[in-house]
Novice: 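Quick one: structure below, then a few questions.
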Amino acid sequence: MAGAAAVSLMASPLLLADFSRLSQLQEKGFSISAEARLLNTDTPALLGSLNPERQMAPASVTKAYMAAALLNRFGPQHRFTSQLVSNGAIDNGVLRGDLVFEGGGDPGLTTENLWRLVQRLQMAGVNEVDGALVISQWRFGPVECITNDRCSARTRVTNAYSAPLTSAGVNFGSWCVNVAPSAVPGEPARTALCDSQLPLITIDNQVITRPANSGTEISAERITDERGDVMRVSGQVSTNAMAQDVYRGAGDAAEETAQVLLAMLNQAGIHVRDPWRLTSTQPPSSARRLAAVDSQPLQELLLRTMNYSNNYMADVLALNLVQTPQAQLRQAGSAIETYAQQLPGHGPITLYSGSGLTTENRTSAHGANVMLEDMYRQSALFPSFVAAFQSPANGVMRFIRRGSPTFQNNVMLKTGTLNQPFAVRAAAGYFRTVSGQWGVFSVFVNGSGNTPYLSWSEVLDPLSLDLDAMILAN
């Protein structure tokens, strides 16, 4: 009889189409807010819920709110413009005054974009600057750090995601060092900045070249001392290894822009008389545009931000929602809150940032589903929005490639992870049922100071089974 009962349950997925498997984490002391429902019905059909109104930390699922708020404000094709302006006149190729780089809040600004600016400046007739290069971060920057990671990163950092925030940043606020083997084992590796032929910062190279097939292990940190930013790289690289790029957040993202842009001006033969400086003052309305470069369309910026869960890009994008100068992260969070609170039935929400790095962020599974459904109903925005979610089968995050083929191919999700001061594993997005109906789901699992470490497999394995049953039952 036991075998017959098991067969009966397997043949009737509807009986298990809820969060019964995920709910077992509650027995280990974890709090859960979860909800899943169908959208293609006259009345959205609830498929499963666990404390759907409970306020929980969403971690990087916050980025879905950020993306929705930006698309509603600016539209998918919006571009952020960075420009070179000046009050000075051009006299026989000499700009008589300061050259001002006005940061446009482009989170994807790269060295290539700066090089185009320099070329366009030359086309405008400027061959020399009788003044200084001024980096204007009047829109936002320097942005006050409100997370331990970013505050500590002002003097030392071992990652790229804690890069400081500014409207005038380049290369995601990070330095990049290329590490390549020497020809002879025992010698130091060869190192250079990825984006400049000039030694803009000190590279403390402690990487040793080892014989072929010895393996490559490189550690890196950026420290800031009396020398300025220093990239310290250590470890080993095999003689037959490919060169590797190593990224670490800069000490000051606007200073990095000043150094990189000035090096490009010099490389192009445009001499700048005075030392560079930073300002938080907006250029006067009389300042004339000399060169400009646009960002990628917003929908493409969101694709990169969401797929790679890029915290620098997410917070820079969110800061663009603030309409007053010198925006700060809490204001950006408030702007997203305002968007969410206008959605009927959403309920409470608290956001201190657009990235989800801030552990004070709170929302509910029901609220997140209200937001997801609202975006689904907007035909002009939904394609750009849903494109930024990952399919487990094809997503860039390998840890989500779990579960059955049904889960792998019928679900589109955004994940969120925090480990301190407590564990957070979050997932939200869309699914398609076997009959072609659309559904939304949001799941937030939060630990506490007393709960053990929570691996993603402990969440995704039961969640994939629960969603699998819902998809097959409908």
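Numbering of residues begins at 1 and proceeds along the displayed sequence. What's counted below: heavy atoms across the whole structure, side chains too, no hydrogens, waters or symmetry copies.
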Novice: For residues 355-401, which residue pairs qualify under disulfide (SG to SG under 2.5 Å), counting only residues two or more places apart or in two chains?
Specialist: none
Novice: Within the side chain of Q328, is there an N or O that forms a donor-acceptor pair under 3.5 Å with the backbone of F140?
Specialist: no
Novice: Would R54 and E35 count as a salt bridge (Lys or Arg N to Asp or Glu O under 4.0 Å) if you check the C-alpha gap in whole Å, the side-chain angles of each, and the deciding distance to 0.1 Å?
Specialist: CA-CA 11 Å; R54 178 181 288 173; E35 183 185 82; over 6 Å; no
Novice: Would you say the side-chain atoms of T358 pair up with the backbone N or O of N361, donor to acceptor, closer than 3.5 Å?
Specialist: no
Novice: If you define the side chain from C-beta out and look only at heavy atoms, does anything of L114 sit under 4.5 Å from D195?
Specialist: no
Novice: Only pairs at least two apart or in different chains count here, so list each side chain to side chain donor-acceptor pair (under 3.5 Å) that has a residue in residues 427-439.
Specialist: T433-S435, S435-Q437
Novice: Partners of S82 by side-chain hydrogen bond (donor to acceptor under 3.5 Å, both in side chains), sequence neighbours excluded?
Specialist: none
Novice: What is the minimum heavy-atom distance between R150 and S162, and which atoms define it?
Specialist: CG-O, 3.7 Å
Novice: What are the two closest heavy atoms between R425 and L418, and how far apart are they?
Specialist: NH1-O, 3.0 Å
Novice: Kindly determine whether M371 and Y339 satisfy side chain to side chain contact (heavy atoms under 4.5 Å, CB included), including the steps that lead there.
Specialist: CA-CA 10 Å; M371 178 270 295; Y339 152 74; 3.5 Å; yes
Novice: Could you pull out all residues at least two apart from A263 that satisfy side chain to side chain contact (heavy atoms under 4.5 Å, CB included)?
Specialist: S196, L198, L200
Novice: For a quick test of your reading: what N or O donor-acceptor pairs under 3.5 Å do the side chains of residues 281-288 make, sequence neighbours left out?
Specialist:
residue : atom : partner : partner atom : Å
T281    : OG1  : T279    : OG1          : 3.4
S286    : OG   : N87     : OD1          : 3.0

Novice: To the nearest 0.5 Å, what is the distance between CG (N127) and CG (L121)?
Specialist: 8.5 Å
Novice: Pair L117, N113 - check side chain to side chain contact (heavy atoms under 4.5 Å, CB included), show working.
Specialist: CA-CA 6 Å; L117 270 182; N113 300 129; over 6 Å; no
Novice: When you check the gap from the basic side-chain N to the acidic O, do D204 and R232 get nearer than 4.0 Å?
Specialist: yes
Novice: Measure from the side-chain N and O atoms of N320 to the backbone N and O of V316, and report whether any donor-acceptor pair falls under 3.5 Å.
Specialist: yes
Novice: Using the side chain to side chain contact (heavy atoms under 4.5 Å, CB included) rule, take F431 and L47 through it: C-alpha gap first, then chi angles, then the decisive distance, then the call.
Specialist: CA-CA 12 Å; F431 60 86; L47 298 181; 3.8 Å; yes
Novice: Within the supplied structure, the quantity of interest is the number of heavy atoms (other residues, nucleotides, ligands) at a distance under 6.0 Å from D245 CG; does it exceed 12?
Specialist: yes
Novice: What I'd like to find out is whether the side chain of Q244 reaches to under 4.5 Å of the side chain of T216, using heavy atoms alone.
Specialist: yes
Novice: With distance as the sole test, does Q390 use its side chain to make a donor-acceptor pair with the main-chain N or O of N307 at under 3.5 Å?
Specialist: yes
Novice: Is a donor on one side and an acceptor on the other found under 3.5 Å between the side chain of D252 and the backbone of E255?
Specialist: yes
Novice: What is the distance from atom CG of L38 to atom CG of N40, rounded to the nearest 0.5 Å?
Specialist: 7.5 Å
Novice: Find the distance between OG1 (T155) and CG (D225) and round it off to the nearest 0.5 Å.
Specialist: 10.5 Å
Novice: With the threshold set at 4.0 Å, does a side-chain nitrogen-carboxylate oxygen contact exist between R248 and E221?
Specialist: no
Novice: Does CD in Q197 sit with more than 12 non-hydrogen atoms of other residues, nucleotides or ligands closer than 6.0 Å?
Specialist: no
Novice: Of all heavy-atom pairs between I90 and A124, which one has the smallest distance, and what is that distance?
Specialist: CD1-O, 3.6 Å
Novice: Which atoms form the tightest heavy-atom contact between P164 and G251, and what is the distance?
Specialist: CG-O, 3.8 Å
Novice: Can you list every pair that meets disulfide (SG to SG under 2.5 Å) and has a residue in residues 272-360, with sequence neighbours left out?
Specialist: none
Novice: Heavy-atom count around F399 CZ within 6.0 Å, excluding the residue itself: above 12?
Specialist: yes
Novice: Salt bridge or not between D98 and R277? Use side-chain N to carboxylate O under 4.0 Å.
Specialist: yes
Novice: Measure the OG-CG distance between S384 and L381 for me, rounded to the nearest 0.5 Å.
Specialist: 7.0 Å
Novice: Let's go through W138 and S280 carefully: what are the C-alpha distance in whole Å and the side-chain angles of both, what is the deciding distance for side chain to side chain contact (heavy atoms under 4.5 Å, CB included) to 0.1 Å, and is it a yes or a no?
Specialist: CA-CA 4 Å; W138 68 269; S280 295; 5.5 Å; no
Novice: Among all residues two or more places apart in sequence or in another chain, which pass the side chain to side chain contact (heavy atoms under 4.5 Å, CB included) test with T363?
Specialist: P58, Y65, H346, I349, F444
Novice: For the residue pair N171 and T110, what are the closest heavy atoms and their distance?
Specialist: OD1-CA, 3.3 Å
Novice: State which residues pass side-chain hydrogen bond (donor to acceptor under 3.5 Å, both in side chains) with N148; sequence neighbours excluded, sorted by chain then number.
Specialist: none
Novice: State whether E102 and R289 are salt-bridged, where the test is any N-O pair (Lys NZ or Arg NE/NH1/NH2 against Asp/Glu carboxylate O) under 4.0 Å.
Specialist: no
Novice: Using a strict 4.0 Å threshold on nitrogen-to-oxygen distance, state whether R362 and E360 make a salt bridge.
Specialist: no
Novice: Going by the angle between their ring planes, with limits at 30° and 60°, are F80 and H78 parallel, tilted or perpendicular?
Specialist: perpendicular
Novice: Are any side-chain N or O atoms of D315 and backbone N or O atoms of G354, one a donor and one an acceptor, separated by less than 3.5 Å?
Specialist: yes
Novice: Are D374 and Q378 close enough, and set up right, to give a side-chain hydrogen bond (donor to acceptor under 3.5 Å, both in side chains), and what steps lead you there?
Specialist: CA-CA 7 Å; D374 183 76; Q378 297 194 60; 3.0 Å; yes
Novice: Under the criterion side chain to side chain contact (heavy atoms under 4.5 Å, CB included), which of N446, T359, T417 is the partner of V424?
Specialist: N446
Novice: Give the intermediate values and the outcome of salt bridge (Lys or Arg N to Asp or Glu O under 4.0 Å) for residues R330 and E144.
Specialist: CA-CA 10 Å; R330 184 64 183 97; E144 180 184 357; over 6 Å; no
Novice: Do any pairs count as a disulfide (SG to SG under 2.5 Å) and have a residue in residues 63-155, sequence neighbours left out, and if so which ones?
Specialist: C145-C151
Novice: I'd like to check F407 versus P392 (side-chain heavy atoms, cut-off strictly below 4.5 Å). Are they in contact?
Specialist: yes
Novice: So which atom in A332 and which in A318 form the shortest heavy-atom distance, rounded to 0.1 Å?
Specialist: CB-O, 3.5 Å
Novice: Residues two or more places apart in sequence or in another chain: which of them pass side chain to side chain contact (heavy atoms under 4.5 Å, CB included) with S60?
Specialist: K63, S309, N311, K414
Novice: Mind checking side chain to side chain contact (heavy atoms under 4.5 Å, CB included) for R120 and listing every partner two or more places apart, or none if nothing turns up?
Specialist: R116, A291, V293
Novice: Roughly how far apart are I135 CD1 and S167 OG, rounded to 0.5 Å?
Specialist: 10.5 Å
Novice: Y352: which residues meet the side-chain hydrogen bond (donor to acceptor under 3.5 Å, both in side chains) condition with it, sequence neighbours left out?
Specialist: none
Novice: To the nearest 0.5 angstrom, please state how far the OG atom of S442 sits from the CZ atom of R37.
Specialist: 8.5 Å
